[in-house]
There are 2 protein chains.
Amino acid sequence: MAVRETDHSGNRISGEETRTARRRAVGAGSPLGLRANRIEAECRAKGLRLTGQRRLIAQVLSEALDHPDAFDLHRRVAMLAPHVSLATVYRTMKRFEREGIVKRLEFRGGHARYETAAKRHHDHLIDLETGQVVEFRNAEIERLQEAVARELGYRLVGHRLELYGVPVPAKERSEEDL
Amino acid sequence: MAVRETDHSGNRISGEETRTARRRAVGAGSPLGLRANRIEAECRAKGLRLTGQRRLIAQVLSEALDHPDAFDLHRRVAMLAPHVSLATVYRTMKRFEREGIVKRLEFRGGHARYETAAKRHHDHLIDLETGQVVEFRNAEIERLQEAVARELGYRLVGHRLELYGVPVPAKERSEEDL
DNA sequence: ATAGGTGCAAAACCTTTGCTGCAGC
DNA sequence: GCTGCAGCAAAGGTTTTGCACCTAT
């Protein structure tokens, strides 16, 4: 899954391919045989019917290294089973989201993208040059969000935090005169 | 403008009407005579033509206590000048956004909403029960965002932070056993 | 058997755009 | 008068939905 947990500070969780253009391919290591995955287990646990389409969509999303949108998912699924419709992808994502199996993301640009909900909570930094999305965690920010909501008289039930940045070339990183 | 800067901690900036349903009306204190406003001044400063439509849209947005979407703006403007088209509202918002005169917001639910850019930077807390949007500032969160981006090798050029909360009844606020 | 899922195509929804005429500067 | 802006309607892209058929349980 290429989940790099490398940063010494514990902020960086993962990187991924770009998403700017619609040019990704299905992960090469995905034979037609359906492997069990966490999403299938969750379907069973929540009483969702385990249809062939759902199995495929679950597998494709489980194996995704990026944050695909419905169109991406459909394209990848269609490589395994061409008859699956885009409507089914949308319906499945909606259902999965309602069951807490996937998370719907809405970065700038309008259309929704999805990720499995099983991972630990994290937020996203979007590389504006490549479209790459980097996941990160920051406990202090989380704490402050709770505090802000409480001060305003609310109980925090959700949040959305996205950072948009441009990469700093390595040579500039030491000079702090930016 | 009902910008309440009340909270002792400095977090709360303003409150507004609900937006869940499309049932707002134009601010009652807006006679047909066009008052000068900051947006008009900015138009002049940036060489934008000051058409009647832009004047109206600028006025309506200046006087808005909430964060209206294009449809809202159009409805409010149409009460003053029924011939103004929705396309003009969209084009004007796009142009104003490009000039840094307005900010485009995209909360959950898809469609864009707008606010004047002249205010100091702030983020938003959305009341999930009423749809009310509360603006707040938190310098510490801002600092941490910068730090996270830097650690990941990026220069932060923008961010989006939205908190979603449900109001805590006053009587419960003292009990911290939530 | 039956409730629920799927495919297809059409609609809904928000937003943009082509074109023609008009108005601000 | 030129250029940019407006109105209208049509197209754009994403997501949802009506309906008939199918299938997992």
Side-chain angles (χ1 to χ4, degrees), chain A residues 19-22 34 39-58 60 67-75 77-78 80-99 101-102 104-114, chain B residues 19-22 34 39-58 60 67-75 77-78 80-99 101-102 104-114:
Chain A
R19 63 85 242 214
T20 302
R22 298 181 174 284
L34 301 175
I39 293 179
E40 285 192 26
E42 292 193 73
C43 280
R44 254 183 287 268
K46 306 196 183 203
L48 301 198
R49 277 198 197 168
L50 220 36
T51 65
Q53 291 90 330
R54 282 187 180 163
R55 262 185 243 266
L56 283 166
I57 294 170
V60 164
H67 299 86
D69 59 25
F71 193 86
D72 294 327
L73 289 171
H74 180 241
R75 190 156 32 70
V77 167
L80 307 172
H83 57 88
V84 175
S85 79
L86 182 56
T88 294
V89 173
Y90 275 110
R91 276 193 275 236
T92 301
M93 284 302 100
K94 194 160 221 181
R95 193 71 210 281
F96 281 5
E97 190 195 5
R98 185 145 54 86
E99 300 293 341
I101 299 174
V102 308
R104 179 195 188 90
L105 309 171
E106 288 178 344
F107 301 150
R108 280 181 195 163
H111 59 286
R113 302 167 66 174
Y114 304 91
Chain B
R19 62 87 243 211
T20 302
R22 300 183 172 284
L34 301 176
I39 293 180
E40 286 192 25
E42 293 192 71
C43 281
R44 254 183 287 268
K46 306 194 185 209
L48 301 197
R49 276 197 196 167
L50 221 36
T51 65
Q53 290 89 331
R54 283 186 180 164
R55 261 186 243 267
L56 282 166
I57 294 169
V60 165
H67 299 85
D69 59 26
F71 193 86
D72 294 327
L73 289 171
H74 180 242
R75 190 156 32 70
V77 167
L80 307 172
H83 58 88
V84 175
S85 79
L86 182 56
T88 294
V89 173
Y90 275 111
R91 274 194 276 240
T92 302
M93 284 303 99
K94 194 160 223 182
R95 192 70 209 279
F96 281 5
E97 191 196 4
R98 186 144 53 85
E99 300 293 341
I101 298 174
V102 308
R104 179 195 188 89
L105 309 171
E106 287 178 346
F107 301 150
R108 278 181 196 165
H111 59 286
R113 303 166 63 173
Y114 303 92

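Sequence lines set the chain letters: A, B, ... in the order given, protein chains first and strands last, and positions in each chain run from 1. Values below: every heavy atom of this structure, side chains too, minus hydrogens, waters and symmetry copies.
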(message) So if I take every side-chain heavy atom of Arg54(B) and compare against dG7(D), dC8(C), dC5(D), which nucleotide ends up nearest?
(response) dC5(D)
(message) Donor-acceptor check, side chain of His74(B) to backbone of Tyr90(B), threshold 3.5 angstrom: yes or no?
(response) no
(request) Take nucleotides 17-25 of chain D nucleotide by nucleotide from the 5' end and write B, S or -, depending on whether a protein heavy atom sits under 4.0 Å from the base, only from the sugar-phosphate, or from neither. (result) BB----BBS
(message) Strictly below 4.0 Å: does His111(A) bring a side-chain N or O up to OP1 or OP2 of dG13(D)?
(response) no
(message) Rounding to an integer number of Å, can you tell me how far His74(B) NE2 sits from dT16(C) P?
(response) 15 Å
(request) May I have the distance from His83(B) (atom NE2) to dA6(D) (atom C1'), rounded to whole angstrom? (result) 10 Å
Please table the atom pairs, donor to acceptor, closer than 3.5 Å between any side-chain atom in residues 46-53 of chain A and protein atoms at least two apart or in another chain.
from, atom 1, to, atom 2, distance (Å)
Lys46(A), NZ, Glu99(A), O, 2.7
Thr51(A), OG1, Arg54(A), N, 3.2

(message) Checking side-chain contact (heavy atoms from CB on, under 4.5 Å) between Asp69(A) and each of Met93(A), Arg75(A), Arg113(A), which is the one that passes?
(response) Arg113(A)
(request) For Arg113(B) and dT15(C), give me the distance from atom CZ to atom P, rounded to whole Å. (result) 12 Å
(request) Starting from C1' on dT16(C), measure out to CZ on Arg104(B) and report it in whole angstrom. (result) 11 Å
(request) Send over the distance from Leu86(A) CG to dT14(D) P, rounded to a whole Å. (result) 10 Å
(request) Kindly indicate whether the side chain of Val77(B), heavy atoms from C-beta on, has any atom under 4.5 Å from the side chain of Thr88(B). (result) no
(message) Rounding to an integer number of Å, can you tell me how far Asp69(A) CG sits from dG13(D) P?
(response) 14 Å
(message) Let's go through Arg104(A) and Tyr114(A) carefully: what are the C-alpha distance in whole Å and the side-chain angles of both, what is the deciding distance for side chain to side chain contact (heavy atoms under 4.5 Å, CB included) to 0.1 Å, and is it a yes or a no?
(response) CA-CA 5 Å; Arg104(A) 179 195 188 90; Tyr114(A) 304 91; 3.4 Å; yes
(request) For residues Glu106(B) and Phe107(A), report the shortest heavy-atom separation together with the two atoms involved. (result) OE1-O, 4.3 Å
